[in-house]
Amino acid sequence: MPLDLFNTLTRRKEHFEPLVAGKVGLYVCGPTVYDYAHIGNARPVVVFDVLYRLLKHLYPEVRYVRNITDVDDKIIDRARLSGEPIDSVTTRTTDAYHQDMAALNALPPDIEPRATRHIAQMVRMIGKLIDQGNAYEADGHVLFSVPSMADYGMLSRRSRDELIAGARVEVAPYKRDPADFVLWKPSVDDCPGWPSPWGRGRPGWHIECSAMAAEHLGETFDIHGGGLDLIFPHHENEIAQSVCSHGGAPLARYWVHNGFLTVEGEKMSKSLGNFFTVRDLLGEFPGEAIRLTLLGAHYRQPLDFTRDLLRQSKGNLDRWYNALRCADEAPSKADVPFEVLAALEDDLNTPMAIGHVHALATALNKATDPAEKARLKGGLLAAGCLLGILQQDPVAWFQGEAGDAATDDAAMIEDLIERRKEARKSKNFAEADRIRKELTDMGIVLEDGPGGTTWKRA
RNA sequence: GGCGCGGUGGCAGAGUGGUGAUGCAGCGGACUGCAAAUCCGUAUAUGUGGGUUCGAUUCCCACCCGUGCCUCCA
C-alpha cells in the first residue's frame with residue numbers, strides 16, 4: 001500500500017512518490033532559539049518524527065533536515081532584556097531543545113543547519129533575486145517584490161489584493177507594494193550583522209529556510225512540513241524566494257502542515273498563564289506520555305492539550321507495557337503489523353494506529369501459546385518503534401526513577417514485599433494488608449500474580 | 001471584512017453512501033484471602049433545518065456554535 005499524504009498545495013490526499021526513486025528529502029521548519037520549547041512547538045516535532053520513522057521504514061534513503069533559526073529579532077530582544085550574550089542564549093536554548101525533544105523520543109534530524117552558518121547562501125540568493133528583478137533595495141533593506149511573481153499565493157490561496165485588504169499591520173514606507181516582504185535588513189552596531197552588498201545587516205526570516213533547504217536538499221525536494229500557521233506568510237514567501245531564484249523549479253512537492261493545539265480549551269498564551277513548556281511537563285509526566293498525547297489526535301485536527309489527556313496517555317502506556325511485561329519471549333526482529341502500517345500510510349492516522357496497538361495488547365494479554373505470545377509481542381514492539389513508543393524495559397517503565405533515591409527504595413520495597421509474603425503464607429492477612437497500605441501510601445501499587453508479587457509506582 | 005477548519009456516546013477520538021472503531025470512566029461478571037492487573041459482557045453519540053439518494057453520520061445548501069490565519073506565532 002502506498003503512502004498517502006494530505007498536500008496543502010492541492011488540499012487533498014495524494015499518493016506519495018519520491019522525486020528520485022528510493023530517496024526522500026524532508027524539510028521541517030525548526031525552532032527559533034530564544035526560549036524553551038513549549039508544547040505547541042513539540043507537536044510538529046513529534047508528528048514529523050513519526051513521518052520520518054515511517055519514511056525510513058518505507059524507503060532506503062531519507063534525508064531529514066530541520067533547521068535552527070539562531071538569528072532573529074526575538075533573540076536579539078531576549079538578549080537585550082536579560083543581558084545574556086546572544087551566543088549564550090542561542091547555545092543554551094539549542095541544547096535545551098535537543099534534550100527536550102530527545103525526551104519525547106524524537107529522533108534527531110539527519111542535518112540540523114543553522115541560519116548563521118548559511119549567510120553566504122542567503123546573500124547569494126538575494127543577489128540573484130535582485131538581478132532578476134524579483135527584489136529591490138530600499139532604505140537599507142532588500143525586499144521581495146510580490147507583484148513580480150505571477151502566481152504568488154498558490155499555497156495559501158490568497159491573492160495579493162486579499163492580502164492587502166486584510167492587512168492589520170502598518171505598511172513600512174519603504175515598500176513599493178504593501179505585500180512585499182523583507183529579505184535583508186540593516187543591523188545597527190550592537191545587533192548581529194554580516195557584511196553584504198547592501199551594507200551590514202541580517203537576513204529576514206523566510207530567506208533562511210529557502211537557503212538552507214536548497215543547500216541541503218537541492219532546489220526541489222519531496223516534503224516540506226511545519227505548523228499550519230506557517231502556511232502564510234512563511235511558507236508562501238519561502239516558495240516565492242526559492243521558485244524565483246531557481247528558475248521556476250518548484251520548492252517542495254508535498255506540503256504537510258500540522259494543526260494547532262489549545263491548552264485546557266483555551267488558546268495557549270503567556271497572559272493566560274497556560275503556557276506549558278515541554279521542560280515543565282517532563283517534570284510531571286514521562287516524555288513518552290506527552291508524545292502519545294500529541295499523537296492521540298490526527299495531526300491535522302486541532303488538539304486540546306489537558307492534564308487529563310496526559311493521564312489517559314500514561315494509562316494507555318501502562319496497559320501496553322503491562323502486556324509486554326507479561327510476555328517474556330519476543331523475536332529480535334518482527335514485522336510491523338499490517339493494520340498499524342496501513343493506518344500510518346493513510347496520511348499518518350495515528351489515532352487509528354493507536355487503536356490497533358490496543359488490539360495487539362489485548363490479543364497479547366489473552367494469548368496462552370508461547371509462539372503466539374512471542375509473535376504478538378514482536379508485533380507490538382515493532383508498532384511501538386514506528387510510533388516512537390514502548391522501547392524501554394517495562395520494569396523500568398513501572399519502577400523507574402521517582403526520585404534520586406529510587407534504587408535505595410527498590411531494596412526497601414522488596415523487603416516489605418517479602419515480609420508481606422510471609423504474612424500471607426501464615427494467613428495473617430491483617431498484617432499483609434497493613435504492609436500493602438504502607439506501600440500504597442508511598443505511591444507503590446502491588447500486584448499479586450501467579451509468578452509472585454510485582455510492584456509499580458502509581 | 002477576506003480566506004480556512006471543525007462540531008460523533010460522560011470524556012478522548014477514528015472510520016464509513018447501507019444496521020457507528022478503539023481507549024478511559026460507568027455498570028455486571030470471571031479471577032483474587034481482599035485487592036491490583038487481566039479477561040468476558042453491557043448501557044450511552046453523529047449541532048439544527050432542508051436537498052440528492054432505495055438509503056446519509058458520510059455528498060450538496062442554509063443556519064447555529066466553536067476555532068485558526070490575514071507579514072515574521074509550531
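Naming: A, B, ... by sequence-line order, numbering from 1 per chain. Fair warning: this is a prediction, and the values are worked out from it, not measured in the lab.
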Revision key, fill the gap. Under a 3.5 Å limit on both distances, the Watson-Crick or wobble mate of U57(B) is none

Exercise for review: Please tell me which of the listed nucleotides, A14(B), C40(B), G23(B), lies nearest to the side chain of Lys366(A)?
Suggested key: C40(B)

Review point. Looking only at atom P, what distance separates A56(B) and A43(B), rounded to whole Å?
Key: 25 Å

Check your understanding: For the rings on His358(A) and Trp320(A), is their centre-to-centre separation under 6.0 Å?
Key -> yes

Practice item. Just call it for Thr362(A): base, sugar-phosphate, or nothing, with non-hydrogen atoms closer than 4.0 Å on any strand. Key: sugar-phosphate

Exercise for review: Measure from the side-chain heavy atoms of Asn365(A) and tell me the nearest of C39(B), A14(B), A37(B).
Suggested key: C39(B)

Review point. Across the strands shown, which category fits Leu261(A) at heavy-atom distances under 4.0 angstrom: base, sugar-phosphate, nothing?
Key: base

Exercise for review: Identify whether any heavy atom of Leu230(A) sits under 4.0 Å from a base atom; if not, whether one sits that close to sugar-phosphate; answer base, sugar-phosphate or nothing.
Suggested key: sugar-phosphate

Point to revise | Selected nucleotide, minimal atom distance to Asp229(A) side chain, candidates A74(B), G15(B), C39(B) | key: A74(B)

Check your understanding: Contact class for His234(A) vs. all strands (heavy atom < 4.0 Å): base, sugar-phosphate, or nothing?
Key -> nothing

Check your understanding: Looking at A74(B), A37(B), C39(B), which one has an atom nearest to any side-chain atom of Glu447(A)?
Key -> A37(B)

Exercise for review: Please determine if a side-chain N or O atom of Asn349(A) lies less than 4.0 Å away from the OP1 or OP2 oxygen of G15(B).
Suggested key: yes

Review point. NA contact type, Lys185(A), heavy-atom cut-off 4.0 Å: base, sugar-phosphate, or nothing?
Key: base

Check your understanding: Donor-acceptor pair under 3.5 Å: do we get one between Asp448(A)'s side chain and the base of C34(B)?
Key -> yes

Review point. Which part of the nucleic acid, if any, lies within contact of Arg436(A), taking any heavy atom under 4.0 Å across all strands shown: a base, the sugar-phosphate backbone alone, or nothing?
Key: base

Review point. Contact class for Arg424(A) (heavy atom, under 4.0 Å): base, sugar-phosphate, or nothing?
Key: base

Exercise for review: Would you classify Gly296(A) as touching base, sugar-phosphate or nothing, given that sugar-phosphate means primed atoms plus P, OP1 and OP2, and contacts are heavy atoms under 4.0 Å?
Suggested key: sugar-phosphate

Exercise for review: Just call it for Gln301(A): base, sugar-phosphate, or nothing, with non-hydrogen atoms closer than 4.0 Å on any strand.
Suggested key: sugar-phosphate

Check your understanding: Between G17(B) and U57(B), how far is it from one C1' atom to the other, in whole Å?
Key -> 10 Å

Check your understanding: Which heavy atom of Glu288(A) sits nearest a heavy atom of Asn105(A), and at what distance?
Key -> CG-ND2, 4.0 Å

Review point. So which nucleotide from U71(B), C70(B), G15(B) ends up closest to the side chain of Phe181(A)?
Key: U71(B)

Revision key, fill the gap. Picking from G13(B), G2(B), A12(B), the nucleotide nearest the side-chain atoms of Arg158(A) would be G2(B)

Check your understanding: Contact class for His38(A) (heavy atom, under 4.0 Å): base, sugar-phosphate, or nothing?
Key -> base

Practice item. Under 4.0 Å between any heavy atoms, over every strand shown, what does Arg307(A) touch: base, sugar-phosphate, or nothing? Just pick one. Key: nothing

